[in-house]
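Right, one structure below, let's go through it.
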Number of protein chains: 2
Amino acid sequence: MPKAQRMAQMLTVAEEIFAEQGYLATSMDEIAERVGVSKPMLYEYFGSKEGLLIGCIHRARTELREKTAAAIAGARSPEEFLRLGLLAFFEFIDEHRRSWALLRQEAAVAVPSAQEEVEGIRQQQTDMIGAVLASFTPDIDPLEAEAFAEIVVGATERLAVWTERRPAVGPALATEYVMAVIWPGVAEKLMKLPAPAPPA
Amino acid sequence: MPKAQRMAQMLTVAEEIFAEQGYLATSMDEIAERVGVSKPMLYEYFGSKEGLLIGCIHRARTELREKTAAAIAGARSPEEFLRLGLLAFFEFIDEHRRSWALLRQEAAVAVPSAQEEVEGIRQQQTDMIGAVLASFTPDIDPLEAEAFAEIVVGATERLAVWTERRPAVGPALATEYVMAVIWPGVAEKLMKLPAPAPPA
DNA sequence: CTCGTAACTTACTTCGAGTAACCTACTGAG
DNA sequence: CTCAGTAGGTTACTCGAAGTAAGTTACGAG
């Protein structure tokens with residue numbers, strides 16, 4: 001099997017087993033066996049167990065970025081922007097139920113680089129939110145904009161984990177909950193600032 | 001050295017080394033050496049590496065619960081309640097800079113029971129917030145109250161991690177940021193409900 | 001048909017979690 | 001005083017899983 005295809009298959013299998021059993025409890029032999037290949041192939045393509053985990057996270061991150069970017073492309077107001085971004089996120093989580101929570105959690109363990117990879121996901125999101133705040137109200141205090149973005153991301157992420165235990169709460173309702181709590185506060189802040197410039 | 005004292009010492013050392021290097025990169029031999037004792041003593045008192053980690057988290061959890069409970073004891077309104085609770089949390093984080101983020105993160109790895117221990121911390125907090133929402137407005141939709149509590153906890157936790165990278169942002173400012181974003185939304189929800197009952 | 005290389009394997013080494021079995025020093029009862 | 005019982009401790013192992021060295025097979029281009 002060609003390298004690219006094999007790598008994709010390995011990521012899929014690894015994501016599944018990591019999600020099932022957790023990172024620590026999973027052995028490379030087990031992943032190799034389920035892929036139908038021997039252990040050194042995993043090392044050939046991913047370098048280490050941690051590298052394999054990072055590969056999983058990186059793939060998910062890329063997919064999330066593309067979906068979010070597509071979703072918010074047509075937004076005309078900060079509110080619409082936030083709402084569409086949140087919805088895209090919750091829909092992404094919904095599709096990756098099995099793997100999401102664990103990838104997130106497990107990643108923390110695998111010391112430095114996986115940490116960074118997961119922080120990269122959050123960075124994507126906080127950057128996006130920080131950018132919208134700044135673009136609609138250029139005079140906002142940068143530190144405060146950053147804090148707001150972190151708060152929104154934290155709230156969203158936590159609610160995503162919560163919805164795993166509450167299957168009745170779908171992406172749309174989750175989005176409403178988050179908007180209901182954060183939008184009034186964000187709007188209030190935006191209103192207090194000098195005339196918001198219209199979006200590009 | 002008596003058992004209780006030795007256990008406390010082990011927890012202190014373990015918390016420090018886990019925070020420094022991460023759970024995976026830390027060996028039991030290393031902890032034992034730094035405690036000045038041999039490895040089987042760690043197993044005697046904590047059963048496993050995971051047990052030791054859980055011990056660390058549990059101790060932090062207890063301390064956080066006590067501090068938070070003391071802080072909110074005199075609150076007279078939902079706003080004051082939230083504000084005092086948030087402040088207590090951020091102050092706690094501030095005192096445990098080194099260990100906090102890592103304990104939180106690392107815990108995820110050690111499969112089932114450490115997970116539960118960390119979820120226990122969050123449960124404490126969501127319960128507390130859910131309780132105040134319910135006590136001030138008994139007619140709130142329970143599912144929505146739960147979602148609100150999760151959102152507040154997620155926002156707070158995320159901002160706590162963020163402040164580690166922003167030493168200029170102390171507990172008081174962090175509390176203001178969180179209140180600024182979430183309070184208007186929460187207040188709006190409370191206003192819409194039938195006459196709030198006064199607190200006990 | 002044979003050379004080169006991409007895809008793959010077997011058979012190790014190493015390191016760290018967890019354990020069995022044994023030691024030592026204090027404390028309190030006769 | 002002494003000696004049994006136990007709390008606190010150690011040395012020296014096993015075992016499983018990460019990571020690696022060295023070699024093997026498949027197969028398309030010249």
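We name chains A, B, ... by the order of the sequence lines, and we start the count at 1 in each one.
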Rounded distance (Å) that lies between atom [atom2] of [N] and atom [atom1] of [X]:
X: A/D29; N: C/dT10; atom1: CG; atom2: P; answer: 12 Å
X: B/E44; N: C/dA21; atom1: CD; atom2: C1'; answer: 14 Å
X: B/E50; N: C/dG18; atom1: CD; atom2: C1'; answer: 13 Å
X: A/L24; N: C/dG18; atom1: CG; atom2: P; answer: 10 Å
X: A/E33; N: C/dT9; atom1: CD; atom2: P; answer: 12 Å
X: A/Y43; N: C/dA11; atom1: OH; atom2: C1'; answer: 15 Å
X: A/Q5; N: C/dA6; atom1: CD; atom2: P; answer: 17 Å

At 10 degrees resolution, what angle do the end axes of the helix from C/dC1-D/dG30 to C/dG30-D/dC1 form when each is taken over five base pairs? 10°

Could you go through the side chain to side chain contact (heavy atoms under 4.5 Å, CB included) check for A/L11 and A/F46 one step at a time? CA-CA 10 Å; A/L11 287 178; A/F46 294 99; 3.7 Å; yes

Of all of residues 35-42 of chain A, which get a heavy atom below 4.0 angstrom from DNA chain C, listed by number? A/V37, A/S38, A/P40, A/M41

Worked verdict on B/K67 versus B/E91 for side chain to side chain contact (heavy atoms under 4.5 Å, CB included): CA-CA 9 Å; B/K67 291 205 169 171; B/E91 279 172 349; over 6 Å; no

Carboxylate-amine/guanidinium contact [X] [Y], below 4.0 Å:
X: A/E119; Y: B/R158; value: yes
X: B/E80; Y: B/R83; value: no
X: A/E150; Y: B/R165; value: yes
X: A/E20; Y: A/R34; value: yes

Could you walk me through whether A/I151 and B/T156 satisfy the side chain to side chain contact (heavy atoms under 4.5 Å, CB included) test, starting with their C-alpha distance in whole Å, then the side-chain angles of each, then the deciding distance to 0.1 Å, before giving a yes or no? CA-CA 7 Å; A/I151 288 168; B/T156 307; over 6 Å; no

At the 4.0 Å heavy-atom cut-off to chain B, mark where contacts on DNA chain D begin and end, going 5' to 3'.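 For DNA chain D, the relevant span reads D/dG8 to D/dT11.
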
Close side-chain approach of B/D94 and B/T163, heavy atoms under 4.5 Å: no

B/V35 vs B/R6 side-chain heavy atoms within contact, under 4.5 Å: yes

Start with the C-alpha gap between A/V37 and A/Q9, add the side-chain angles, then the distance that decides, and say whether side chain to side chain contact (heavy atoms under 4.5 Å, CB included) holds. CA-CA 11 Å; A/V37 91; A/Q9 183 201 10; over 6 Å; no

Should the ring pair B/F148 and A/Y177 be called parallel, tilted or perpendicular, given that the plane angle runs from 0 to 90° and is split at 30 and 60? perpendicular

